[in-house]
Amino acid sequence: ILTNNNLIIGKEAWQIVTNDRVAKKLLRTNAFKFVEKDQLTKVDFDNKPSSNTKSLSGWNKTWHIDRINAPAAWTITEGSEDVIVAVCDSGVNKYHPELRGKVLRGWNFLNNNYDTSPNTNHGTAVSGFIAASNRDNYGTSGVAPRVKILPGKIVTTSGGVPTSAMLNCIRWAANKGAKVINVSMTGVNSSSSASAARYANKKGAVVVWAAGNQNWYTRWLDKPEIIAVAGTDIYNRRYYSATKNRAWGSNTGLFVDVAVPGEDLYFLTRYGGYYRGNGTSYSAPIVSGVAALIYSVNPNLTPKQVVSILKQSATYIGSRRSFGAGLVDAYKAVQLARETI
């Protein structure tokens, strides 16, 4: 990874200061599996409710929870306070009524301090899909409402995401004991992302990554270190939403592992309120929540076993390229996890 820091990471990845010319020479030596730039990407999500579902009588604030069979899973577990889910994102509002008491002290990878207060809605929204408590039945429910959130702040005030900050967050979270690491960012197809995820796997953590909303039909290959999550609509079709200036949609390809709702979802905002929007950024934490439920039943499972459980328990809903193994079923996943004890 080429960055502004002379920081050696692990035994298989390095960060060095150099230029494009030297980087190309390094790659030609055949001493490196990959050489990638540390670049600034943008948080990519569709923050407007979709006309496809907002007028449907079947829509409700927690339709995604019902769709993945989470209420049935809660008869077995609502998550364990011992299970930590890291959120590498834009910071989290720890005072949001739905998250109060659930957010651990994290780290700001931009300013190198403990300030993980949010600068966009994104990180708080993602955290809510994992652990919101639906207090007084007013707000919305997370998939695993009893787990803890570990925030890593990697998004600038303008919405930029340095690649190095994102990858450092994954490694840091694994070292801090997170069992699940959620990354609702671009970069799911990157070799450096796979390297960071591989490090986390070795530490006992699964890495859940958003498939992306560029509406691309990709040739990206599967990366076994990463659980790539696609988004669906209320009809169990691939999530797609068009505006005047752009078409949004869940990316497809052989890299996709599983699918969950990603359209017209009710989420937490950084100011303590709620809003509705779309995106695989919100699909990924739904799967992170299910992974947290699996670990809550059996914390001794390996990342490979957790991935296997998620896929085995999924329901086929169509093309492998669009939906991977299928629609995640939290209840069936937790049942399988219980059988491993």
Side-chain angles (χ1 to χ4, degrees), residues 1-10 12-19 23 34-45 84-94 103-127 130 149-178 180-201 203 205-210 212-213 223 225-226 228 270 279-281 284-285 288:
I1 303 302
L2 312 182
T3 185
N4 292 325
N5 300 309
N6 283 311
L7 175 63
I8 296 177
I9 298 182
E12 61 177 33
W14 291 265
Q15 292 180 337
I16 61 172
V17 177
T18 187
N19 54 47
F34 62 89
V35 176
E36 294 181 350
K37 278 188 178 181
D38 181 10
Q39 53 194 348
L40 196 69
T41 58
K42 296 286 284 186
V43 176
D44 183 61
F45 66 107
I84 297 172
V85 182
V87 175
C88 296
D89 216 290
S90 65
V92 180
N93 177 4
K94 64 182 179 181
V103 183
L104 304 173
R105 186 170 76 165
W107 187 250
N108 185 322
F109 289 87
L110 305 171
N111 299 322
N112 292 318
N113 59 34
Y114 293 111
D115 177 16
T116 55
S117 56
N119 52 25
T120 73
N121 287 329
H122 204 261
T124 303
V126 165
S127 299
I130 297 166
I149 298 293
L150 179 66
K153 189 170 180 177
I154 62 172
V155 180
T156 67
T157 53
S158 61
V161 185
T163 301
S164 55
M166 180 171 63
L167 303 181
N168 285 338
C169 182
I170 294 170
R171 291 181 171 89
W172 163 84
N175 290 336
K176 294 294 265 185
V180 184
I181 302 171
N182 189 91
V183 188
S184 289
M185 303 287 155
T186 56
V188 67
N189 64 317
S190 161
S191 294
S192 54
S193 297
S195 176
R198 191 157 50 247
Y199 177 88
N201 291 169
K203 289 284 186 175
V206 294
V207 178
V208 182
W209 214 298
N213 309 310
K223 288 184 166 49
E225 305 89 349
I226 292 170
R270 60 173 163 157
T280 60
S281 281
S288 289

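Judged as a side-chain hydrogen bond (donor to acceptor under 3.5 Å, both in side chains), and not counting sequence neighbours, the contacts of N175 are Y199. Taking A228 as the reference, V188, F255, D257 meet the side-chain contact (heavy atoms from CB on, under 4.5 Å) condition, with sequence neighbours excluded. Partners of N119 by side-chain contact (heavy atoms from CB on, under 4.5 Å), not counting sequence neighbours, listed by chain and number: S90, K153, V155, T157. S127 meets the side-chain hydrogen bond (donor to acceptor under 3.5 Å, both in side chains) test with no other residue; sequence neighbours excluded. With sequence neighbours excluded, the residues that form a side-chain contact (heavy atoms from CB on, under 4.5 Å) with A178 are I84, A86, A173, I181. Legend: residues meeting side-chain contact (heavy atoms from CB on, under 4.5 Å) with A125, ordered by chain and number and at least two apart, are F267, Y282.
Atom CE of M166 sits about 10.5 Å away from atom CZ of R171, to the nearest 0.5 Å. Interatomic distance, CH2 of W209 versus CD1 of I170, reported as 4.0 Å (0.5 Å rounding). With rounding to the nearest 0.5 angstrom, the CD1 atom of I149 is 14.0 Å from the NZ atom of K94. Annotation: the span from R270 atom CZ to N93 atom CG amounts to 10.0 Å, rounded to 0.5 Å. Considering SG of C169 and CG of L150, their distance stands at 7.5 Å, rounded to 0.5 Å.
The minimum heavy-atom distance between S184 and A210, with the atom names listed, is CA-CB, 4.0 Å. The two atoms that bring V92 and G123 nearest to each other are CG2-O, 3.9 Å, heavy atoms only. Between P285 and V126, the shortest heavy-atom distance links the atoms CB-O, 3.4 Å. When every heavy atom of G106 is checked against every heavy atom of T116, the shortest pair comes out as C-CG2, 3.8 Å.
Using modelled atom types, one side-chain atom of N108 and one backbone atom of D115 make a donor-acceptor pair closer than 3.5 Å. Judged by distance alone, with hydrogens and angles left aside, the side-chain atoms of N213 form a donor-acceptor pair with the main-chain N or O of T280 at under 3.5 Å. A donor-acceptor pair is defined here as one N or O able to donate and one able to accept, closer than 3.5 Å; such a pair exists between the side chain of K223 and the backbone of N189. Looking at S193, its side chain does come within 3.5 Å of a backbone N or O of G187 through a donor-acceptor pair.
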Review point. side-chain contact (heavy atoms from CB on, under 4.5 Å) between N112 and W107: does it pass, once the steps are laid out?
Key: CA-CA 7 Å; N112 292 318; W107 187 250; 4.0 Å; yes
Check your understanding: Does the side-chain contact (heavy atoms from CB on, under 4.5 Å) test come out yes or no for H122 and M185, once each step is laid out?
Key -> CA-CA 10 Å; H122 204 261; M185 303 287 155; 4.1 Å; yes
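Using a 4.5 Å heavy-atom cutoff, the side chains of S281 and D89 are not in contact.
Considering T186, L110, V183, I154 as possible partners of V161, the one that fulfils the side chain to side chain contact (heavy atoms under 4.5 Å, CB included) test is I154.
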